[in-house]
Amino acid sequence: MLFQRYLNNPILSPNNKNDWENFATFNGSVVKHENKYILLYRAMGKEQEIDTKRLRLSTIGRAESFDGYKFNNRRIFINPSQEWEKFGCEDPRVTKINDRYFIFYTALANYPPNYTDIRVGVAISNDLEKIDQKYLVTPFNAKAMAMFPEKINNLYTVILTVNTDNPPSYVAIAQFDKIETLWDLNYWQEWYKDLDRYIISLKRVNSDGVEVGAPPLKTNSGWVLFYSYIKHYFSSRIKREFRIESVLLDLNNPQKIVGRIHGPLLDPQEIYEKTGVVSDVVLPSGVIAENNKVKVYYGASDTTCALVEADLTEFMRSFEVNSPGTIKCKKFPDNPILSPKPEYDWETKGVFNPAAFEIKGKTYLVYRATSKDNISNLGLAVSNNGIIIDERLNKPIYPVRTKFEKSAGVGKPGGCEDPRITIIDDILYMLYTAYDGILPRLAITSISITDFLKRNWNNWKMPKIISPPNIADKDGVLFPKKINNKYVIFHRIEPNICIDYVEDLNFDNLEYLKITSIITPHNRTWDEAKIGISTPPLETKEGWIIFYHGISKIDGHYRVGTILLNLNDVTKVISWTPYPILEAETLFEKRGVVNNVVFPCGYVLKNNTIFLYYGGADKVICGATVSLSGLIEYLLNSRSTKYLDYP
């Protein structure tokens, strides 16, 4: 194990002699002052009444040490004295800059607090003997702010966790040239409006949680950030797992992750970490590096302060530097771009999972629409710029026509589902799921571009079933060119992506796909249950980019990742994105006909930008973009592991 616990942990425990700290003393932040280590920590004491409300008030205590291990001379350092902190001061982070000490903490304005009552305050001290000034910092819900110990590009820089109690939460950076801006509420209101610009992508999966830990530590290789990572934070199916993790941020651009240690540095194992006020919690809150050792101070079970330490060189050499961050699609600001229309029976329940392609600069979305009795037809929407829908037809362009699409009985669903369209030689080939309410099977049809543009919908070829008999088969796509003189079709027979090669696309004489090869799910939490192809493949010189959806065994959510395949042998996987690039986050992606689903069926490539179109919760259509070159770079870097060369 990289970090070793101090043998005499915990280093600070509740003191029964002091009413103000006889219940809990935890989340300590450490700073060197003259020849001493000063530990500022959250203290909770006996119940008391404030404005007729009974609570254990949180204050910030102060202790000191000559060696960083044994702390004494404990006393209250920060007491609630302002209305905006009247019901508690929690979880301090202290940084020295310009010969002053800035102590950030969570300020509670009410009890029990609503998220609007939980904000960041700052106390300033010249000597760590007394508080000289206090200010409310954020006018919005936030916690866990810490300041970098020196200016970056001549700007003061802080890192904070936003929307902690009004999720989704984000870790973000703020910078300003004057220290007075730190408590300028107008500045923060404007900053919050552009929050997306300042986010650091620490979270790997959206059901997890993150929170800033200790103030950043400067090294020659970058800023080291220790933070709290809570796996399954938003999952109702599995217990939360608190752990301490670390990333390396660029020295000149702290929003950029240049190194990451994958996996926990510490998780709750000892009795003082597993039992307490809040069991099974470790939360980093302070760090000191000296004599080639790094010491991390942390709160254990919201009850005590504890310490772990590691060899600094060994620790720094553990950072992976080739694919340290995550890449995420940027969602359209005005999502959803298409919603159900109650006035049309055939699409009154949901419009979702659209195929997408571009002809003469226009984006065409052929989407699945469901009626109130769960019959699926295919509709059409058109966009001139790929973002705003300019036209939407009021009738299906591909209605239910055949026996294998028609519902097998009253009350059973049925129809044409989840189309994927590939253009080959001026022909639109469409693969879709034909469902009779009993067995979903893969079907193929086609129409010429000329007939499509003239809207001669009667000229769709009669569909043929191409999946094996008596097998549930979905998610079919056709590659846009032959490989080794054969057409290639991907489809999904649970839990795998199946690969097939065919001589032609006629499928005469009851010819079916044969499942030549498979791609199996990864043994990871977010896509280990089953995987399926999402969109037609995108050819690049580095390989075929495949968007796929994965389903988690833990929470059942649908997420999207990418695979890079060999150009000439699509059974050879070059790389996977280790984490999802698209997840259900907004209300219309998390709540709908089927909750927590993002499901792309098509994309359009515009220069270096991929426009990805997806269904949200089986009810609405949304869009997102991702850089093609950025995605390729990330996939290539994910092929192998490279560690930081330090020092």
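Computation of the quantities below employed the complete heavy-atom set of this structure, encompassing side-chain atoms and omitting hydrogens, waters and symmetry-equivalent molecules.
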**Q.** Step-by-step side-chain contact (heavy atoms from CB on, under 4.5 Å) determination, Val477 to Phe547
**A.** CA-CA 11 Å; Val477 300; Phe547 291 93; over 6 Å; no
Q. What pairs with Glu245 under salt bridge (charged side-chain N to carboxylate O under 4.0 Å, His left out), at least two apart in sequence or on another chain?
A. Arg204, Arg243
Q. Salt bridge (charged side-chain N to carboxylate O under 4.0 Å, His left out) with Lys474: which residues, sequence neighbours excluded?
A. none
Q. Under the side-chain contact (heavy atoms from CB on, under 4.5 Å) criterion, do Leu513 and Leu442 qualify, and how do the steps go?
A. CA-CA 10 Å; Leu513 300 176; Leu442 199 61; 4.1 Å; yes
Q.
Working note: Arg492 + Glu494, criterion salt bridge (Lys or Arg N to Asp or Glu O under 4.0 Å); need CA distance, chi angles, decisive distance, verdict.
A. CA-CA 6 Å; Arg492 205 282 307 282; Glu494 290 189 10; 3.7 Å; yes
Q. Step by step, would you call Ile519 with Leu565 a side-chain contact (heavy atoms from CB on, under 4.5 Å)?
A. CA-CA 11 Å; Ile519 299 173; Leu565 302 179; 4.2 Å; yes
Q) Taking all atoms of both residues into account, what is the closest heavy-atom pair of Trp576 and Leu635, and its distance? A) C-CD2, 3.8 Å
Is the [X] ring parallel, tilted or perpendicular to the [Y] ring (thresholds 30°, 60°)?
{"X": "Phe611", "Y": "Phe332", "value": "perpendicular"}
{"X": "His262", "Y": "Tyr579", "value": "parallel"}
{"X": "Tyr432", "Y": "Tyr398", "value": "perpendicular"}

Q) Yes or no on side-chain hydrogen bond (donor to acceptor under 3.5 Å, both in side chains) for Asn206 and His557, after CA distance, side-chain angles and deciding distance? A) CA-CA 10 Å; Asn206 71 337; His557 293 193; 4.6 Å; no
Q: Just do the salt bridge (Lys or Arg N to Asp or Glu O under 4.0 Å) check on Lys464 and Glu511 with the steps written out, would you?
A: CA-CA 10 Å; Lys464 294 180 179 179; Glu511 181 182 358; over 6 Å; no
[X] [atom1]: over 12 foreign heavy atoms closer than 6.0 Å:
{"X": "Lys482", "atom1": "NZ", "value": "yes"}
{"X": "Lys256", "atom1": "NZ", "value": "no"}
{"X": "Lys619", "atom1": "NZ", "value": "no"}
{"X": "Phe357", "atom1": "CZ", "value": "yes"}
{"X": "Lys590", "atom1": "NZ", "value": "yes"}
{"X": "Asp504", "atom1": "CG", "value": "yes"}
{"X": "Asp194", "atom1": "CG", "value": "yes"}
{"X": "Asn458", "atom1": "CG", "value": "no"}

Q: For this output row, return yes or no: ring centroids of Tyr548 and Phe490 closer than 6.0 angstrom.
A: no
(Q) Using salt bridge (Lys or Arg N to Asp or Glu O under 4.0 Å), reason through Arg368 and Asp618 one step at a time and then give a plain yes or no. (A) CA-CA 9 Å; Arg368 176 180 172 187; Asp618 280 14; 5.2 Å; no
Q: Would you kindly check if the NZ (Lys) or CZ (Arg) of Arg240 is within the cone defined by 45 degrees around the ring axis of Tyr233 and under 6.0 Å from the six-membered ring centre?
A: yes
Classify the side-chain pair [X]/[Y] by whether it contains a donor and acceptor separated by less than 3.5 Å.
{"X": "Asp418", "Y": "Thr433", "answer": "no"}
{"X": "Arg260", "Y": "Thr326", "answer": "no"}
{"X": "His491", "Y": "Asp473", "answer": "yes"}
{"X": "Asp426", "Y": "Ser448", "answer": "no"}
{"X": "Asp569", "Y": "Thr571", "answer": "yes"}

(Q) Please list all pairs meeting salt bridge (charged side-chain N to carboxylate O under 4.0 Å, His left out) that have one or both residues in residues 435-452, counting only residues at least two apart or in different chains. (A) none
Q: Indicate yes or no: at least one non-hydrogen side-chain atom of Leu378 is less than 4.5 angstrom from one of Pro396.
A: no
Q: Using the salt bridge (Lys or Arg N to Asp or Glu O under 4.0 Å) rule, take Lys341 and Glu347 through it: C-alpha gap first, then chi angles, then the decisive distance, then the call.
A: CA-CA 6 Å; Lys341 278 198 169 184; Glu347 58 176 357; 5.8 Å; no
